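So the structure is just underneath, and the comments pick up after that.
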Amino acid sequence: MAGTTSRLEADFFKRDVLEVAPDLLGKLLVRRLDDGRMVFARITEVEAYRGTEDLACHASRGLTPRTEVMFGPGGYLYVYLIYGMYWMLNFVTGEKDIPQAVLIRGTDAVNGPGRLTRYFDIGGDFYGECLWNSQRLWLEDLRQQVRIETGPRIGVEYAGEYWASRPWRFLASPDA
DNA sequence: TCAGTGATTAGG
DNA sequence: CTAATCACTGAG
C-alpha cells in the first residue's frame with residue numbers, strides 16, 4: 001500500500017552484492033541518536049565491492065581484523081577509518097565466506113561517504129552492527145520506484161584498469 | 001591542486 | 001619496530 005514502509009530484513013542482504021547495491025537506491029537510512037533524535041535520508045549513491053578477486057575490495061588481501069566482518073554473512077556493518085579522519089559506512093552482503101560489501105556514498109540529505117557518516121554520527125563503534133535488529137541504525141523500504149545509472153567506482157585506480165572500470169557504482173537518476 | 005590525519009597492513 | 005598506503009574532504 002502507498003505510504004507504508006517496512007524494515008529491510010536479513011534476506012535482503014544475503015544476496016549477491018551486484019543485486020543488493022542497486023536495490024539500496026531509494027531506501028531510507030534511519031538513525032536513532034543516543035538522545036532519541038532521529039536522522040533520516042534516502043540513499044542515492046552506492047558502490048559494490050565483490051569478493052577476494054576484486055582488487056579494489058579490501059578483502060582481496062585476505063582475512064584481517066579489519067576485513068573480518070566481510071567474511072561473515074550479509075546484513076552487518078563494515079565501518080573503517082580512511083585518511084585518519086573519515087568513517088566509511090558499508091553494508092556486508094551475500095553469504096558467509098564470500099566477502100562483499102556496499103559502500104554508501106551519498107543520500108538526498110548529504111553527499112560524500114565521509115560527510116554522510118558525520119551527519120549520521122556513525123563511527124567505529126558501529127563495526128559489526130546488525131542492520132536487521134539494531135536499535136540505532138536500520139533501513140526501511142519506501143516502496144518507491146527508482147531510475148538507476150551506473151558508472152565506474154571512485155578512487156580505486158590502484159586496483160588496475162580492469163577492476164577500476166567495472167560499472168559497480170550505482171546512482172539514483174535525478175529525474176526519477 | 002594539495003595538505004591533513006591516524007588506523008591498518010606488510011615487511012624487517 | 002618502521003614506513004607506505006589510503007573506497008576523502010575542504011581550503012585556496
Side-chain angles (χ1 to χ4, degrees), chain A residues 8 12-27 29 31 39 41-131 137 139 146 148-173:
Chain A
L8 298 187
F12 177 89
F13 302 99
K14 294 183 177 181
R15 297 177 292 148
D16 189 276
V17 70
L18 295 180
E19 293 183 36
V20 177
D23 278 1
L24 282 168
L25 298 176
K27 298 296 186 287
L29 184 61
R31 168 85 164 96
V39 183
R42 282 194 301 265
I43 295 172
T44 57
E45 181 179 356
V46 301
E47 284 175 356
Y49 290 84
R50 188 168 185 265
T52 53
E53 71 274 21
D54 175 5
L55 297 182
C57 180
H58 291 163
S60 66
R61 297 209 284 276
L63 196 158
T64 66
R66 184 177 65 157
T67 62
E68 184 176 16
V69 72
M70 268 199 280
F71 286 81
Y76 295 81
L77 294 191
Y78 170 43
V79 176
Y80 68 91
L81 187 68
I82 189 87
Y83 297 113
M85 280 184 251
Y86 306 106
W87 293 100
M88 301 288 103
L89 174 64
N90 298 254
F91 304 152
V92 175
T93 70
E95 307 172 38
K96 183 179 185 301
D97 297 327
I98 300 182
Q100 307 182 332
V102 180
L103 170 67
I104 310 305
R105 245 187 193 288
T107 67
D108 57 2
V110 59
N111 291 307
R115 300 177 64 198
L116 183 148
T117 51
R118 217 171 38 186
Y119 182 78
F120 279 88
D121 193 25
I122 292 168
D125 57 317
F126 278 79
Y127 182 95
E129 185 97 352
C130 179
L131 272 171
L137 190 72
L139 287 160
V146 177
I148 296 170
E149 292 174 14
T150 64
R153 295 173 292 182
I154 305 296
V156 296
E157 307 306 317
Y158 64 86
E161 188 187 341
Y162 178 79
W163 294 106
S165 64
R166 293 310 87 203
W168 291 353
R169 177 179 178 222
F170 302 89
L171 303 96
S173 300

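What you see is a predicted model, and the numbers here were worked out from it, not measured in a lab. Chain letters run A, B, ... following the sequence lines, proteins first, then strands; residues in each count from 1.
With a cut-off of 3.5 Å on both pairing distances, the Watson-Crick or G-U wobble partner of C:dA3 is B:dT9.
At C:dA7, one or more side-chain N or O atoms of A:Tyr158 fall inside 4.0 Å of OP1 or OP2 (strictly under the cut-off).
Note: OH (A:Tyr80) to P (C:dA7) measures 5 Å, nearest angstrom. The interatomic distance linking A:Met85 (CE) with C:dT5 (P) rounds to 18 Å, in whole Å. Here B:dA10 presents its P atom at 12 Å from NE2 of A:His58, a figure rounded to the nearest Å. Note: CG (A:Asp54) to P (C:dA7) measures 11 Å, nearest angstrom. Here the P atom of nucleotide B:dA7 and the CD atom of A:Glu68 are 19 Å apart, to the nearest Å. The CE atom of A:Met70 sits 13 Å away from the P atom of B:dT8 (whole-angstrom rounding). What separates CG of A:Leu81 from C1' of B:dA7 is a distance of 6 Å, to the nearest Å. Distance A:Trp87 CH2 to B:dG6 C1': 10 Å, rounded to the nearest Å.
Closest heavy-atom contact between A:Pro152 and A:Ala164: CB-O, 3.4 Å.
A:Arg118 comes within 4.0 angstrom of the backbone, heavy atoms only, and of no base. If you check every strand for non-hydrogen atoms under 4.0 Å, A:Met88 touches sugar and phosphate atoms only. A:Arg66 comes within 4.0 angstrom of the backbone, heavy atoms only, and of no base.
Set against C:dC8, B:dA7, B:dG4, the side chain of A:Pro113 has C:dC8 as its closest nucleotide. Of the candidates B:dT9, C:dA7, C:dT9, C:dT9 carries the atom nearest the A:Arg115 side chain, counting heavy atoms from C-beta on. The A:Arg105 side chain lies nearest to C:dA7 when the options are C:dT9, C:dA7, B:dT5.
A ring-centre distance under 6.0 Å is found for A:Tyr78 and A:Tyr80.
Taken to the nearest 0.5 Å, the CG atom of A:Leu139 stands 5.0 Å off from the CZ atom of A:Phe13. Interatomic distance, OH of A:Tyr119 versus OG1 of A:Thr107, reported as 7.0 Å (0.5 Å rounding). One distance of note links CD1 of A:Ile43 with CD1 of A:Ile104; it measures 4.5 Å at 0.5 Å rounding.
Remark: ring of A:Tyr83 does not overlap the six-membered base ring of B:dG4 in a stacked fashion, as centroids less than 5.5 Å apart with planes less than 30° apart are not both met.
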